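One structure is given below, encoded as structure tokens.
Here the structure is a predicted model, which is why all the values come from computation and not from measurement. Counting starts at 1 for both ligands and their atoms, following the listed order. Below, all heavy atoms of this structure are taken into account, side chains as well, without hydrogens, waters or symmetry copies.
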Amino acid sequence: MSDLPKIIQGGMGVAISNWRLAQAVSREGQLGVVSGTALDQVLARRLEDGDPGGHMRRAIDAFPFRAMAERVWNAYFIPGGKAPDRPYTRLPAHGKVCPRPLAEVGIVGNFVEVWLARQGHSNPVGINYLEKIQTPHLVAIYGAMLAGVGFVLMGAGIPLKIPAVLDAYVNHQPASYPLYVVGAQEGDDVIMHFTPRDVIEGDPGPLGRPRFLPIVASNTLAVTMLKKANGKVDGFIIEGPTAGGHNAPPRGKLTLNDLGEPIYGDRDVVDLGKLRDLGAPFWLAGGHGAPGALRHALDEGAAGVQVGTAFAYTEESGLRPDYKQAVLDQVVAGEARVFTDPVASPSGFPFKVVQLPGTVSDEAVYLARPRICDLGYLREAYRAPDGTIDFRCSSEPVSIYVSKGGHEEDTVGRKCICNALVATAGAPQTRAGGRIVEAGIATSGDALPGISRFMRPGSTRYTAADVIRVLLSGD
Ligand SMILES: Cc1cc2nc3c(=O)[nH]c(=O)nc-3n(C[C@H](O)[C@H](O)[C@H](O)COP(=O)(O)O)c2cc1C
């Protein structure tokens with residue numbers, strides 16, 4: 001691979017861009033990116049499913065700290081997999097302080113995903129995190145760096161304090177990260193800490209410093225990152241509002257179209273000329289998964305494009321097969337539809353939802369689900385009246401959310417996308433002795449209808465290599 005990739009396969013959580021997909025993309029000489037979201041949960045559930053194929057075991061065998069590796073394996077592995085009506089184990093909740101067992105499954109989970117993605121080729125692999133999901137950052141990044149991750153990409157927030165974390169871990173030095181706490185007061189201790197020496201076994205050598213690419217939606221944020229980040233920013237992903245997953249909200253006052261989707265305007269358009277003047281490499285994301293799009297991006301001075309939706313439906317992606325096939329069939333039938341939901345995600349960011357019967361996009365499925373918050377990645381930290389830090393989520397039971405000072409109106413239409421996204425990766429939580437199984441939620445960009453261009457003749461299927469071939473064909 002030349003120094004910088006022309007195509008970045010965007011990170012897609014939870015476990016849609018899994019190690020298999022990222023490996024396939026990096027093998028082709030482009031940049032494969034694993035999703036770093038909830039990898040503690042993902043690893044635990046794969047082990048509780050009996051580790052089909054033995055891939056987790058293979059990666060865990062390569063983990064440098066042997067006692068930790070075996071503790072994680074022993075805590076979750078169930079030979080032959082758990083009974084279908086048995087729930088997955090509930091992991092300890094994330095908080096300002098990460099409990100040791102959670103830190104261990106987080107470190108090993110991130111290691112495993114990156115390590116597997118790096119097998120069979122010598123090209124770099126990246127990992128993607130959402131800044132908004134702050135509590136796992138410190139352990140997650142350490143695990144990914146132990147596996148030699150080449151790029152860290154981070155969106156959904158302003159990750160000013162990440163570069164120093166990357167720098168510190170090169171020599172296993174302690175790192176810290178400020179937790180955003182609603183209502184925090186001067187003097188409150190909001191800093192999270194992680195000290196690698198507390199978990200290290202033996203004497204590991206120095207780690208490579210991954211390149212850091214924040215994902216931003218405006219010139220202002222790009223400038224802020226370059227001026228105010230606490231270390232090196234190696235480039236940007238410039239993501240527009242047509243991209244799959246979460247989108248940055250429109251600038252200014254939120255207005256909705258007739259369908260109820262946010263309206264974006266001129267102020268949301270990034271000025272590529274000004275961006276070029278910053279001198280850092282950048283990749284364009286959002287609707288660039290078509291032949292000719294790469295050439296256009298290069299002509300605009302970009303280093304390339306980041307593409308998500310096209311890769312989400314490849315053979316290799318972690319999207320569960322029934323949803324994948326159902327959406328591919330919708331695409332072929334000309335019936336695929338994506339709704340930019342301004343309220344679905346407790347993160348507060350607009351979230352693109354594929355309209356797919358049987359998933360949470362289906363009003364009946366959404367309404368039938370009791371509000372339960374037991375994964376908690378998108379919970380927000382707030383200052384409780386006694387000065388301690390507590391957590392709340394606008395998709396948890398309304399009375400609980402309100403009792404924590406949340407506003408009732410903020411709960412309307414909120415979906416537990418933590419449980420739904422883990423279900424979409426094929427590991428739905430089971431409740432009430434198997435009578436309740438969490439439904440998933442599929443997200444894609446506005447360009448979803450166009451993915452038929454990647455399908456093989458006579459088939460709806462295609463691979464990551466097909467996508468790359470088509471995207472490079474217009475170059
Ligand atoms: C299924 C799916 C999940 C996504 N999840 C994430 C994510 O976890 N983090 C992130 O930064 N971007 C996420 N994205 C955005 C992609 O990384 C990428 O920037 C975007 O899909 C590019 O636009 P496109 O969908 O038009 O190709 C997701 C996109 C899709 C389709």
| Could K415 and Y366 be counted as a cation-pi pair, given that NZ or CZ must be under 6.0 Å from the ring centre and within 45° of the axis? |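 So K415 does make the cation-pi contact.
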| request: Could you say whether the N/O atoms of T37 and ligand 1 ever approach to under 3.5 Å? | output: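 Among all N and O atoms of T37, none is under 3.5 Å from an N or O of ligand 1.
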| said: When you compare ligand 1 with Y129, is there at least one nitrogen or oxygen pair between them that comes in under 3.5 angstrom? | reply: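 No, there is no polar N/O contact under 3.5 Å.
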Closest protein heavy atom (residue, atom, distance) for [atom]:
{"atom": "atom 8 (O) of ligand 1", "answer": "G13 N, 3.0 Å"}
{"atom": "atom 1 (C) of ligand 1", "answer": "T443 O, 3.2 Å"}
{"atom": "atom 6 (C) of ligand 1", "answer": "G11 O, 3.0 Å"}
{"atom": "atom 4 (C) of ligand 1", "answer": "M12 CA, 3.4 Å"}
{"atom": "atom 27 (O) of ligand 1", "answer": "G308 N, 2.8 Å"}
{"atom": "atom 9 (N) of ligand 1", "answer": "N128 OD1, 2.8 Å"}
{"atom": "atom 24 (P) of ligand 1", "answer": "T309 OG1, 3.6 Å"}
{"atom": "atom 15 (C) of ligand 1", "answer": "G244 O, 3.3 Å"}

| message | Please check: side-chain N/O of Q9 versus main-chain N/O of S17, any donor-acceptor pairing under 3.5 Å? | response |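 Such a contact is absent between Q9 side chain and S17 backbone.
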| field | Of all pairs that satisfy side-chain hydrogen bond (donor to acceptor under 3.5 Å, both in side chains), the ones with a partner from residues 273-290, not counting sequence neighbours | value |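 Pairs touching residues 273-290 that pass the test: none.
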Looking only at side chains, do [X] and [Y] share a donor and an acceptor under 3.5 Å apart?
{"X": "Y264", "Y": "T242", "result": "no"}
{"X": "Q134", "Y": "Y377", "result": "no"}
{"X": "T89", "Y": "E48", "result": "yes"}

| message | Test of understanding: with side-chain contact (heavy atoms from CB on, under 4.5 Å), list the residues that count as partners of A229, not counting sequence neighbours. | response |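 A229 satisfies side-chain contact (heavy atoms from CB on, under 4.5 Å) with L160, P163, M225, V233 only.
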For [X], counting its heavy atoms only, list the atoms of ligand 1 lying under 4.0 Å from any of them.
{"X": "G287", "value": "23 (O), 24 (P), 26 (O)"}
{"X": "G286", "value": "22 (C), 23 (O), 26 (O)"}
{"X": "G10", "value": "17 (O)"}
{"X": "E239", "value": "15 (C), 18 (C), 19 (O), 20 (C)"}
{"X": "Q306", "value": "17 (O), 18 (C), 19 (O), 22 (C)"}
{"X": "I215", "value": "11 (O)"}
{"X": "V307", "value": "27 (O)"}

| said: Check for me whether A447 has a heavy atom closer than 4.0 Å to any atom of ligand 1. | reply: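 False for this residue.
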| field | Ring centres under 6.0 angstrom apart (Y142, F194) | value |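 Judged by ring-centre distance (under 6.0 Å), Y142 and F194 do meet the cut-off.
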| message | Taking the ring of F236 and the ring of F282, is the distance between their centroids below 6.0 Å? | response |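 No, ring centres 6.0 Å or more apart.
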| Pairing of R371 and E396 as salt bridge, 4.0 angstrom limit |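 E396 and R371: not salt-bridged.
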| task | Determine the interplanar angle of the W19 and H55 rings, folded into 0 to 90°, and report it as parallel if under 30°, tilted if 30 to 60°, perpendicular if over 60°. | result |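 The rings of W19 and H55 sit tilted, inter-plane angle from 30° to 60°.
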| Parallel, tilted or perpendicular: which describes the rings of Y177 and H137, with under 30° parallel and over 60° perpendicular? |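 Correct class here is perpendicular.
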| request: With heavy atoms under 4.0 Å as the rule, classify the contact between L130 and ligand 1 as side chain, backbone, both or neither. | output: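 L130 to ligand 1: side-chain contact only, backbone stays beyond 4.0 Å.
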